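Fair warning: this is a prediction, and the values are worked out from it, not measured in the lab.
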Amino acid sequence: MIYVNDKMQKGYLYEYSAAIGDVFYDGFEPELTPKEMLELGVFEGHYLNDCQGEYPKEWFENAKLSADAPDIYCNCFQIKSRQPLKVWRQKGWIYGPDVRGWFQWYCRYYMGRRLPKIDEIQIKRWRAFKRHKAQIEQNCAMLDMDCRKRQRQALLQWAYNPFF
């Protein structure tokens, strides 16, 4: 049983029902693991700072983190590419017990937690985000990492490989 008690969530309990990084739903094939995303630089280095105990220690060994405040230089593409949590809440993008949004859901899902109704919603959102990859492919020269940096950073934050 995993017990969560951090700044944003107190007293939440859950358990794993699948092996870590295994048994994903059909059609959900993230291109990056949470560990890879953290190492490449996501969410301005300031997303899971107060709840690292919930996840494997090795996820954070080479992660690009900012202890004090969000820092765009911790992002892979060194550009701001996210809305504040307040906006996520206003737009209804927070589902179920994952008070930090999609990436928190993905980390917990990757670890083996399954919540079928929430999983279905989040996987549908992940699939819809793929349109950004198509836009980069249509508008950028191959491997031009300066083209559409904001979209590339956003792809990275949704577990899509932005390096193409």
Side-chain angles (χ1 to χ4, degrees), residues 8-9 14 18-49 51 54-55 59-60 62-66 70-164:
M8 293 181 65
Q9 194 167 38
Y14 68 92
I20 187 170
D22 196 18
V23 192
F24 284 11
Y25 290 127
D26 285 341
F28 182 54
E29 298 170 357
E31 297 171 354
L32 300 166
T33 67
K35 180 181 187 291
E36 291 169 328
M37 294 167 68
L38 290 164
E39 288 176 352
L40 287 167
V42 291
F43 304 105
E44 299 167 22
H46 202 71
Y47 190 93
L48 298 176
N49 292 12
C51 58
E54 184 179 343
Y55 307 105
W59 283 14
F60 301 94
N62 296 308
K64 293 182 180 177
L65 300 176
S66 174
D71 180 355
I72 64 168
Y73 296 104
C74 289
N75 276 350
C76 181
F77 292 93
Q78 299 186 347
I79 192 164
K80 185 175 176 101
S81 177
R82 68 176 176 92
Q83 299 283 346
L85 187 57
K86 178 181 174 181
V87 172
W88 299 358
R89 288 181 183 132
Q90 289 170 345
K91 293 190 179 269
W93 295 340
I94 304 295
Y95 297 92
D98 304 315
V99 297
R100 297 170 192 257
W102 187 88
F103 185 58
Q104 183 178 49
W105 168 83
Y106 177 47
C107 290
R108 290 171 172 174
Y109 182 89
Y110 188 88
M111 293 299 299
R113 186 197 67 182
R114 297 295 182 266
L115 302 173
K117 289 180 182 178
I118 301 297
D119 297 348
E120 184 179 335
I121 291 167
Q122 295 291 26
I123 290 169
K124 185 177 180 180
R125 293 178 71 222
W126 173 82
R127 284 187 188 126
F129 208 82
K130 191 171 187 174
R131 71 186 183 279
H132 293 280
K133 193 167 188 171
Q135 291 171 356
I136 293 170
E137 290 172 339
Q138 291 171 1
N139 294 290
C140 300
M142 181 78 80
L143 298 174
D144 180 359
M145 294 301 123
D146 288 323
C147 183
R148 294 189 176 226
K149 291 169 77 168
R150 183 166 281 117
Q151 274 186 306
R152 288 180 188 276
Q153 182 69 40
L155 282 174
L156 173 59
Q157 293 171 178
W158 280 81
Y160 284 101
N161 183 351
F163 306 108
F164 56 91

Going by side-chain contact (heavy atoms from CB on, under 4.5 Å), name the residues that satisfy it together with [X], two or more places apart in sequence or in a different chain.
X: Tyr25; result: Tyr109, Arg114, Pro116, Asp119, Ile123
X: Asp146; result: Asp144, Lys149
X: Lys91; result: Val87, Trp93
X: Leu85; result: Met8, Trp88, Arg89, Ile94

Which residues satisfy the side-chain hydrogen bond (donor to acceptor under 3.5 Å, both in side chains) test with [X], sequence neighbours excluded?
X: Glu31; answer: Lys133
X: Gln90; answer: none
X: Arg152; answer: none
X: Asn139; answer: none

Exercise. Verify the neighbour count for atom CD of Gln78: are there more than 12 heavy atoms of other residues, nucleotides or ligands below 6.0 Å?
Key: yes
Check whether more than 12 heavy atoms from other residues, nucleotides or ligands sit under 6.0 Å from atom CZ of Phe164, and answer yes or no.
-> yes
Does [X] reach the main-chain N or O of [Y] with its side chain, forming a donor-acceptor pair under 3.5 Å?
X: Tyr95; Y: Lys117; value: no
X: Arg131; Y: Ala128; value: yes
X: Glu44; Y: Lys80; value: no

The side chain to side chain donor-acceptor pair (under 3.5 Å) partner of His132 among Gln151, Arg148, Arg150, Glu137 is Gln151
Between [atom1] of [X] and [atom2] of [Y], what distance do you get to the nearest 0.5 Å?
X: Gln135; Y: Gln138; atom1: CD; atom2: CD; answer: 7.5 Å
X: Lys64; Y: Met37; atom1: NZ; atom2: CE; answer: 13.5 Å
X: Phe24; Y: Asp22; atom1: CZ; atom2: CG; answer: 8.0 Å

With sequence neighbours left out, the residues meeting salt bridge (Lys or Arg N to Asp or Glu O under 4.0 Å) with Arg113 are Asp98
Residues passing the salt bridge (Lys or Arg N to Asp or Glu O under 4.0 Å) test with Glu36, sequence neighbours excluded, are none
Compare all side-chain heavy atoms of [X] with those of [Y] and state whether any distance is below 4.5 angstrom.
X: Cys74; Y: His46; answer: no
X: Met111; Y: Trp59; answer: yes
X: Leu48; Y: Phe60; answer: yes
X: Arg108; Y: Glu54; answer: yes
X: Gln122; Y: Tyr106; answer: no
X: Leu155; Y: Phe77; answer: no

task: Starting from the C-alpha separation in whole Å, work towards a yes-or-no answer on side-chain contact (heavy atoms from CB on, under 4.5 Å) for Tyr110 and Ile20.
output: CA-CA 6 Å; Tyr110 188 88; Ile20 187 170; 3.8 Å; yes
Residue pairs meeting disulfide bond (SG atoms under 2.5 Å apart), one or both in residues 87-140, sequence neighbours left out, come to Cys140-Cys147
All heavy atoms of Ile79 vs all of Asn75, minimum pair found to be O-ND2, 2.8 Å
If you look only at distance, which donor and acceptor atoms sit under 3.5 Å apart when one is on a side chain in residues 156-163 and the other is two or more places apart or in another chain?
{"from": "Gln157", "atom 1": "OE1", "to": "Phe43", "atom 2": "N", "distance (Å)": "2.9"}
{"from": "Gln157", "atom 1": "OE1", "to": "Gln153", "atom 2": "NE2", "distance (Å)": "3.0"}
{"from": "Gln157", "atom 1": "NE2", "to": "Ser81", "atom 2": "O", "distance (Å)": "2.9"}
{"from": "Tyr160", "atom 1": "OH", "to": "Trp126", "atom 2": "O", "distance (Å)": "2.8"}
{"from": "Asn161", "atom 1": "OD1", "to": "Phe163", "atom 2": "N", "distance (Å)": "2.9"}

